[in-house]
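See below for the structure under consideration.
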Amino acid sequence: MSAYEGELRELVALAGQVLTALGLVDYLGHVSARIPGTDRVVVKPKHSPAVRGMAALGAGDMVVVDLDGSLVEGPRVESTARPPAEVFIHTEIYRARPDVAAVVHTHQRAATLAGVLGLPIRPVLHVPATFVPDDPPTWPHPVLVDTAELGRDLAATLGDERYCHLQGHGIVSVAADVREATVGAAMLEQLAEAALAGASTGTKPRVITPTEIETLRGQVAGVEGRWAYFCDLAAAGEAR
Ligand SMILES: [Zn+2]
């Protein structure tokens, strides 16, 4: 195992713990990372009675697949673990997007509901607006992404964007880094919550303009601070 792979196993496991602490995943959803310089991907294993929730999974539980979604390396501690049925969400986005090295898929409540309603997720809160400057595209199928063909179709809808709705199902958040894709999912959820709350008032929201977002990007801290804070939340949850 390369040094990269060991580090990515830790990061993917930690991202699952963070998403759990933030209430963005339950036993469903998965995080992956592309091993640099390879066609291999570290991904959270399929949930089963033996493979527990993400809060309980560590680096050694992760599996490694190739871009066909086939298992090339099992976990060190659970011999029955398999890749998720929806591994093609990950592999086909990696195939289509050389710039992407991390994919987060969740069924997070507010963003999923906004996608079901066709409610635009707009940049109305200043920190998340720097992550999600405009409404994500929607892949209009509530089915499981359990074939390469469906994964390719989803990747085509995602295009060059960082987020995509899987209508009636969940979202994907992609980035060049696991931390960024994970924090991005949290930022998307904050704006989705604002969209749902705003829609219930019937009042037109004041949307932050692209020029203001540019200014904000120079003002707000990068992803590191938020990632560290979210990791603290995950660790505190574990300690309880
Ligand atoms: Zn799913």
Side-chain angles (χ1 to χ4, degrees), residues 12-34 41-57 61-65 67-71 81-97 100 102-119 121 132 136-159 161-175 178 181-189 192-193 196:
V12 170
L14 192 48
Q17 293 160 21
V18 163
L19 291 167
T20 303
L22 295 177
L24 298 180
V25 293
D26 45 27
Y27 59 95
L28 299 168
H30 16 87
V31 179
S32 73
R34 191 198 316 249
V41 174
V42 175
V43 64
K44 194 222 92 164
K46 181 180 174 64
H47 181 262
S48 74
V51 176
R52 299 143 300 158
M54 275 185 251
L57 294 178
D61 297 308
M62 300 300 133
V63 298
V64 178
V65 297
L67 289 189
D68 292 327
S70 301
L71 188 70
R82 291 176 286 147
E86 294 192 303
V87 70
F88 304 103
I89 292 175
H90 303 262
T91 52
E92 293 305 321
I93 289 175
Y94 290 127
R95 253 195 237 280
R97 291 278 299 271
V100 169
V103 175
V104 170
H105 166 55
T106 74
H107 297 181
Q108 58 193 67
R109 190 178 167 78
T112 303
L113 191 49
V116 170
L117 296 170
L119 190 63
I121 298 177
V132 194
T138 297
W139 190 63
H141 308 290
V143 297
L144 275 185
V145 187
D146 60 357
T147 68
E149 190 181 3
L150 288 168
R152 273 196 295 279
D153 197 50
L154 167 61
T157 301
L158 172 69
E161 302 289 333
R162 290 182 52 188
Y163 304 92
C164 189
H165 288 290
L166 282 66
Q167 202 165 38
H169 174 174
I171 62 102
V172 292
S173 167
V174 307
V178 173
T182 306
V183 172
M187 297 295 107
L188 180 71
E189 190 70 355
E193 286 166 357
L196 291 172

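Every number for a ligand or one of its atoms is a count from 1 in the order of the listing.
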Point to revise | Nearest heavy-atom neighbours spanning V12 and A33 | key: CG2-CB, 3.8 Å

Point to revise | Lys/Arg N to Asp/Glu carboxylate O, R152 vs E149, below 4.0 Å | key: no

Point to revise | Residue that, paired with H105, satisfies side chain to side chain donor-acceptor pair (under 3.5 Å) out of K44, E86, H90, H30 | key: E86

Point to revise | Apex the Zn ion (ligand 1) - arms NE2 from H169 and NE2 from H105 - angle rounded to 10° | key: 100°

Review point. Among the N, O or S atoms that E86 has, which is closest to the Zn ion (ligand 1)?
Key: OE1

Exercise for review: Considering only NZ, NE, NH1 and NH2 on the basic side and carboxylate oxygens on the acidic side, decide whether D68 and R95 come within less than 4.0 Å.
Suggested key: yes

**Study point:** Any N, O or S atom of H30 closer than 2.8 Å to the Zn ion (ligand 1)
**Key:** no

